[in-house]
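Keep in mind it's a predicted model, so treat the numbers as computed, not measured. Read the numbers this way: they start at 1 and go in the same order the structure lists the ligands and their atoms.
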Amino acid sequence: MSIIIKGGTVVTASQSYQADVYCEGGVIKAIGKDLDVPSGAEVIDAGGQLVMPGGIDPHTHMQLPFMGTVASEDFFTGTAAGLAGGTTMIIDFVIPNPQQRIMDAYKQWREWSEKSCSSYSFHVAITWWDETVYQDMGTLVNEEGVNSFKHFMAYKNAIMADDEVLYNSFSRSLELGAMPTCHAENGELVFQLQKKLLAMGMTGPEAHPLSRPPAAEAEAANRAIKLADVIGVPLYLVHVSTQDALEEITRARSNGQRVYGECLAGHLMLDDSVYLDSNFERAAAHVMSPPFRSKHHQAALWKGLQSGNLQTTATDHCCFCAEQKAAGKDDFSLIPNGTAGIEDRMTVLWTHGVGTGKLTPEEFVAITSTNSAKIFNIHPRKGSIQVGADADIVIWDPEATKTISVKTHHQNIDFNIFEGMEVKGVPSHTISMGRLLYKDGELRAEKNTGTYIKRPAFRPIFSALDKIAKAKQPTPVKRS
Ligand code: URP
Ligand code: ZN
Ligand code: ZN
C-alpha cells in the first residue's frame with residue numbers, strides 16, 4: 001500500500017513547511033513540493049491541514065491486572081482508540097507481581113499485546129529484587145529492546161519498590177544503558193493516611209486526594225532524583241502532577257542533572273473538585289493516582305511544559321468501569337485507580353495548548369510525540385516526519401471541532417473525564433506504519449496488525465555519564 005499526502009503543511013518539532021509526503025512499505029519515502037503521484041498510490045488531499053508525526057503516548061496500561069480487577073481496555077481497543085485520536089504508538093507497562101520472574105511477566109504482556117493495531121513497546125516495572133531480576137534486566141535490554149524500567153514508589157503491600165529496590169535497579173539500569181522511571185509518591189505515607197482517614201470515617205472518594213497530598217509526591221520525586229544523582233543515572237518521572245514535584249525536577253535540571261518529567265492531559269485540565277461530587281460513580285470515576293490537584297498545580301504544569309522542564313505528555317490510560325470502581329463503595333482505598341484519555345490527549349492539548357497560545361504547533365509536536373521518541377531512544381524512526389522514518393502520521397484539521405463524549409468515543413470505558421469539552425483541532429486521518437487506519441471518523445483498525453517496537457539502550461549518553469561517575473570515584477586513604 002502506498003499513500004501520497006498532497007498539499008498539507010508538514011509540522012515537526014523544529015519547523016513547519018509546505019510539502020507533499022509519500023509513504024510506501026510502511027515508511028516515508030519522499031517529502032517535497034508537488035511530488036508526482038506514483039501509480040496505485042492512494043491520494044489524500046491535506047489542503048488547509050497539518051501533517052504531523054503520529055502521537056506517542058508513553059504511559060498506558062491496557063488490560064492491566066490491578067487492585068483486584070483488570071482494566072477494561074485491551075490492547076486492541078486501546079490502540080484503536082488511540083488511532084482515532086491521532087496516537088500511533090503507545091509505551092505500556094509490564095508489571096510483574098513481587099517474586100514473579102520478570103521475564104515471565106514480560107512474555108505474558110507480549111502475548112496480551114499481540115492484538116494491538118498500532119506500534120507498541122514496553123517499560124518493565126521492577127517490583128522486587130534478587131539475582132534473577134538483575135539477570136532478566138540484562139536480557140530485556142540486550143535481547144528484547146526494553147530500555148526503560150519503572151518503579152512504583154507507591155502501592156505498599158502490592159507493587160511498591162522500596163529504596164533498596166530503587167538503588168539496585170537504578171545501578172543496574174546505569175550498567176545497561178536503560179532509563180529508570182518512577183511513579184513518585186511516598187507509599188508509606190499514603191498507606192498511613194489512608195488508614196487514618198478511614199478510621200475518621202472518611203470512606204468516600206473525597207478522601208482519595210487527602211490521602212495523597214502534594215508533599216507525598218514531592219518527597220518521593222526528591223528521593224528518586226537524589227538517588228539517581230548519587231548513582232549517576234538519568235531519571236524520568238511519570239505523571240508529574242504538582243508544582244512541588246516540578247520544582248524538584250527544575251532544580252535538578254538547573255544543576256545539570258539529566259531528569260525528565262511527564263505530565264498527563266488529565267492533570268493539565270481537571271482539578272480536585274471532582275472528588276466532591278455527591279454522586280459516588282462520578283467521583284469514583286476520577287480516582288487515579290496521583291489525584292487531580294487544585295488549580296494552581298495545573299497552571300504550574302502548563303508552565304513546566306512551556307519552559308521545557310516537563311518534556312512529554314501522556315494519559316496513564318487505565319480504564320475501569322463503574323461496576324469495577326464500585327469495589328470501593330465503602331472504602332475509597334479499594335477503588336481501582338485509573339482514568340482514560342488516549343483518544344482525547346492530542347485534541348485536548350491542541351485546543352488548550354496551541355488554541356490558547358501557550359504552545360506553538362511545533363512545541364505541540366515535541367510534547368506529544370518527538371520528545372518521547374528522543375527520551376526513549378526511537379527517534380528519528382518515530383516522532384519525526386523525515387525520509388526513512390516510519391510512516392506514523394496524523395493529518396490534523398486545525399479548524400474542525402467536536403464535543404468529547406462517552407457517547408461517541410471509541411475507548412472501552414463508560415465514562416469520559418473530558419465529557420462535554422468542546423475542542424477545536426482534530427485528526428482527519430491517522431496513518432500507522434503506512435496504513436490509513438482512521439479517515440474522517442471511520443476507524444479501520446484490525447486486531448493483530450500492530451508492531452512491537454524495540455528500543456535500543458542509550459549508549460552515548462551513558463558513556464558520558466560513566467566518565468562523570470568515574471571522575472567522582474573516591475580513592476581509599478592509605479594508612480600505615
Ligand atoms: O491511577 C493510576 N495512575 N493507575 C495506574 C497505575 C499507575 O499508578 O500508573
Ligand atoms: Zn503511576
Ligand atoms: Zn500509570
Side-chain angles (χ1 to χ4, degrees), residues 56-73 75 78 90-97 105 109 120-127 148-161 166 180-187 190-191 194 205 207-209 211-212 214 216-217 220-221 224 235-242 245 261-268 270 272 274-275 283-293 312-321 324-325 327-328 332-342 345 372 376 411 413 415 417:
I56 300 173
D57 189 336
H59 188 157
T60 65
H61 300 280
M62 306 305 172
Q63 67 192 77
L64 173 69
F66 192 50
M67 295 183 73
T69 184
V70 178
S72 56
E73 187 88 281
F75 280 90
I90 61 167
I91 314 182
D92 205 275
F93 294 83
V94 173
I95 308 185
N97 292 317
W109 256 266
Y120 60 98
S121 194
F122 287 108
H123 313 280
V124 174
I126 303 302
T127 51
S148 50
F149 294 100
K150 170 77 176 284
H151 308 83
F152 291 92
M153 297 171 79
Y155 307 123
K156 181 178 153 87
N157 295 331
I159 52 176
M160 184 170 99
L166 295 180
T181 78
C182 280
H183 167 140
E185 279 186 302
N186 182 316
V190 170
F191 179 71
Q194 285 175 332
H208 175 67
S211 70
R212 313 186 89 102
E217 184 177 335
L235 178 67
Y236 177 94
L237 293 179
V238 306
H239 51 41
V240 175
S241 72
T242 59
E262 161 196 288
C263 65
L264 307 183
H267 283 134
L268 287 161
L270 276 76
D272 52 0
V274 293
Y275 301 114
H286 292 93
V287 167
M288 58 110 32
S289 296
F292 298 116
R293 305 291 193 182
T312 64
T313 56
T315 56
D316 199 358
H317 187 81
C318 188
C319 298
F320 298 109
C321 293
Q324 296 173 288
K325 295 269 182 181
F332 72 90
S333 71
L334 301 178
I335 300 171
N337 285 203
T339 55
I342 193 167
R345 177 184 66 126
S372 286
F376 293 111
Q411 300 170 139
I413 182 172
F415 195 83
I417 58 170

Peer 1: Taking both backbone and side-chain atoms into account, decide whether His59 has an N/O/S atom under 2.8 Å from the Zn ion (ligand 2).
Peer 2: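 Within the cut-off used here (under 2.8 Å), His59 places no N, O or S atom near the Zn ion (ligand 2).
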
Peer 1: So, for Ser372 and Ile56, which heavy atoms are closest and what is the spacing to 0.1 Å?
Peer 2: CB-CG2, 4.0 Å

Peer 1: To the nearest 0.5 Å, what is the distance between CG on Leu264 and NE2 on His59?
Peer 2: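 The CG atom of Leu264 sits 7.0 Å away from the NE2 atom of His59.
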
Peer 1: Grab the two heavy atoms, one from His317 and one from Ile342, that are nearest each other, plus how far apart they are.
Peer 2: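 The answer is ND1-N, 3.1 Å.
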
Peer 1: Please write down residue, atom name and distance for the protein heavy atom closest to atom 4 (N) of ligand 1.
Peer 2: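 Result: Asn337 O, 3.0 Å.
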
Peer 1: Return the name of the atom in His183, of element N, O or S, nearest to the Zn ion (ligand 2).
Peer 2: ND1

Peer 1: Check Ala340 against Ile413 and note the closest heavy-atom contact, atom names and distance.
Peer 2: CB-CG2, 3.9 Å

Peer 1: Quick one: CD on Glu262 to OH on Tyr236, what's the gap to the nearest 0.5 Å?
Peer 2: 3.5 Å

Peer 1: Indicate the atoms forming the closest heavy-atom contact of Gln194 with Arg212, along with that distance.
Peer 2: NE2-NH1, 3.8 Å

Peer 1: Validate the cation-pi geometry between Lys156 and Phe191: distance from NZ or CZ to the six-membered ring centre under 6.0 Å, angle to the ring axis within 45°.
Peer 2: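 Here Lys156 passes the 6.0 Å and 45° test against Phe191.
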
Peer 1: Does the shortest distance from the Zn ion (ligand 3) to an N/O/S atom of His239 fall below 2.8 Å?
Peer 2: no

Peer 1: Name whichever N, O or S atom of Asp316 ends up nearest to the Zn ion (ligand 3).
Peer 2: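 Atom name of the closest N, O or S in Asp316: OD1.
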
Peer 1: Give the atoms of ligand 1, by number and element, whose distance to some non-hydrogen atom of His239 is under 4.0 Å.
Peer 2: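 The list of qualifying atoms is 8 (O), 9 (O).
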
Peer 1: Taking only heavy atoms of Met288 into account, list the atoms of ligand 1 that are under 4.0 Å away from them.
Peer 2: 1 (O), 3 (N)

Peer 1: Which ligand 1 atoms are under 4.0 Å away from a heavy-atom of Ser289?
Peer 2: 1 (O), 2 (C), 3 (N), 8 (O)

Peer 1: Specify the protein heavy atom at minimum distance from atom 8 (O) of ligand 1: its residue, its atom name, and the distance to 0.1 Å.
Peer 2: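 Scanning the protein heavy atoms, the shortest distance from atom 8 (O) of ligand 1 goes to Tyr155 OH, 2.6 Å.
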
Peer 1: Specify the protein heavy atom at minimum distance from atom 3 (N) of ligand 1: its residue, its atom name, and the distance to 0.1 Å.
Peer 2: Asp316 OD2, 2.6 Å

